[in-house]
Amino acid sequence: MQPPPLLTLPSEPIEQEIERLPSATRRLAAQLRLPLAEEAVWQVLTDYESLPTFIPNLVSSRLLSRDGSFVKVEQVGSQKFVGLSFSASVRLELQERCAEGILSFRMVSGDFRRFEGAWTVVKTSDGVRLRYELLVQACIGMPIALIEQRLREDLATNLRCVALEALRRAQAVKLAEAF
């Protein structure tokens, strides 16, 4: 029996948008298309405690509580840029709206003045479109231009890493089914 063909990331580039808003605020978005079912991507997005295993710069992600579709998570990210180490901690409240394919989040406490957004999974004719949107407002004294550049890079990286993990898991299921 032949193993199923390997799933790969589409070769098309990740579409990105950035909007500069007043008061050191940025709205960023990135999206890509994947040859997967919605459920496969959703399972990766909501596997909160495993996120640090495949998202670079995410040091920890801890599920604090769950009440129906509302989830509280604590995350710590860390990275180096311009020769300096920087870490940020956030406590997020997430709302899982699986039927709509929306995982929205907002910071309830943490190292930013504002940190909120959503992951969106939309069914397409050949799989799904995965979109990640973020609205972030830096604290006073944070160099927003440097943070903006890092966020732009991280947004694309995080999107790609979630996609690769979903593809990896889907491939493992296909291989298990084949044998």
Side-chain angles (χ1 to χ4, degrees), residues 3-17 27-77 88-108 110 114-136 151-179:
L6 287 176
L7 297 170
T8 59
L9 270 182
S11 58
E12 67 188 53
I14 291 177
E15 299 171 35
Q16 283 193 290
E17 307 161 24
R27 182 184 327 252
L28 301 104
Q31 67 181 7
L32 67 96
R33 295 181 186 279
L34 295 168
L36 292 172
E38 295 161 283
E39 299 80 31
V41 178
W42 188 260
Q43 287 175 359
V44 170
L45 291 174
T46 57
D47 189 1
Y48 305 110
E49 295 198 337
S50 294
L51 295 175
T53 65
F54 56 87
I55 295 183
N57 302 322
L58 187 58
V59 175
S60 68
S61 181
R62 192 167 56 104
L63 179 64
L64 301 175
S65 67
R66 176 182 290 281
D67 183 13
S69 65
F70 291 93
V71 178
K72 288 191 178 167
V73 174
E74 181 177 67
Q75 295 182 333
V76 177
S89 175
V90 292
R91 280 190 180 218
L92 301 172
E93 182 176 81
L94 300 98
Q95 184 177 14
E96 299 174 345
R97 298 188 328 241
C98 183
E100 299 166 60
I102 298 171
L103 177 62
S104 58
F105 60 89
R106 70 176 186 82
M107 183 184 76
V108 290
R114 191 171 180 188
F115 190 90
E116 62 189 58
W119 288 89
T120 309
V121 182
V122 178
K123 186 174 180 161
T124 64
S125 61
D126 57 347
V128 296
R129 184 180 74 240
L130 176 61
R131 182 173 174 86
Y132 181 32
E133 297 178 52
L134 177 65
L135 179 67
V136 62
L151 285 173
R152 182 190 306 243
E153 292 169 15
D154 286 351
L155 206 65
T157 298
N158 292 352
L159 187 69
R160 195 173 280 112
C161 289
V162 166
L164 285 169
E165 180 65 11
L167 287 166
R168 186 194 67 75
R169 290 181 187 190
Q171 190 66 44
V173 168
K174 284 184 181 271
L175 286 173
E177 291 171 352
F179 296 102

Check for a donor-acceptor pair, side chain of Gln16 on one end and backbone N or O of Leu28 on the other, with a separation under 3.5 Å.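 No: the side chain of Gln16 does not pair with the backbone of Leu28.
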Using a 3.5 Å distance criterion without hydrogens, assess whether the side chain of Ser61 forms a donor-acceptor pair with backbone atoms of Tyr48.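 Confirmed, Ser61 side chain pairs with Tyr48 backbone.
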Which label fits Tyr132 and Trp119: parallel for a plane angle under 30°, tilted from 30 to 60°, or perpendicular past 60°?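 Aromatic pair Tyr132/Trp119 classed parallel.
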Could you grab the distance from atom [atom1] of [X] to atom [atom2] of [Y], nearest 0.5 Å is fine?
{"X": "Glu17", "Y": "Leu155", "atom1": "CD", "atom2": "CG", "answer": "10.0 Å"}
{"X": "Gln95", "Y": "Asp67", "atom1": "CD", "atom2": "CG", "answer": "11.0 Å"}
{"X": "Thr124", "Y": "Arg129", "atom1": "OG1", "atom2": "CZ", "answer": "8.0 Å"}
{"X": "Glu116", "Y": "Glu133", "atom1": "CD", "atom2": "CD", "answer": "11.0 Å"}
{"X": "Ser50", "Y": "Ile55", "atom1": "OG", "atom2": "CD1", "answer": "10.5 Å"}
{"X": "Glu49", "Y": "Leu63", "atom1": "CD", "atom2": "CG", "answer": "5.5 Å"}

Here's a test for you: under side-chain contact (heavy atoms from CB on, under 4.5 Å), which of Asn57, Leu134, Leu159 qualifies with Asp154?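 Running side-chain contact (heavy atoms from CB on, under 4.5 Å) over Asn57, Leu134, Leu159 with Asp154 returns exactly one hit, Asn57.
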Residue that, paired with Leu130, satisfies side-chain contact (heavy atoms from CB on, under 4.5 Å) out of Leu45, Val122, Thr120, Val44: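 The single option meeting the side-chain contact (heavy atoms from CB on, under 4.5 Å) with Leu130 is Leu45.
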Going through the checks in order, is the side chain to side chain contact (heavy atoms under 4.5 Å, CB included) test met by Leu51 and Gln75? CA-CA 10 Å; Leu51 295 175; Gln75 295 182 333; 3.6 Å; yes
For a quick test of reading the model, state the closest non-hydrogen atom pair linking [X] to [Y] and the distance between them.
{"X": "Ala118", "Y": "Ile102", "value": "CB-CG2, 4.3 Å"}
{"X": "Ala37", "Y": "Val128", "value": "C-CG1, 4.0 Å"}
{"X": "Phe54", "Y": "Cys161", "value": "O-CB, 3.2 Å"}
{"X": "Arg160", "Y": "Ile14", "value": "NH2-CD1, 3.2 Å"}
{"X": "Gln31", "Y": "Arg131", "value": "OE1-NH1, 3.4 Å"}
{"X": "Leu36", "Y": "Ala170", "value": "CD2-CB, 3.5 Å"}

Tell me yes or no: between the side chains of Ser69 and Glu96, is some donor less than 3.5 Å from an acceptor?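 Per modelled atom types, Ser69 and Glu96 side chains form no pair under 3.5 Å.
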Start with the C-alpha distance between Trp42 and Leu103, add both sets of side-chain angles, then the distance that settles side chain to side chain contact (heavy atoms under 4.5 Å, CB included), and finish with yes or no. CA-CA 9 Å; Trp42 188 260; Leu103 177 62; 3.9 Å; yes
Under the salt bridge (charged side-chain N to carboxylate O under 4.0 Å, His left out) test, which residues partner Glu39, sequence neighbours left out?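 Result, salt bridge (charged side-chain N to carboxylate O under 4.0 Å, His left out) vs Glu39: none returned.
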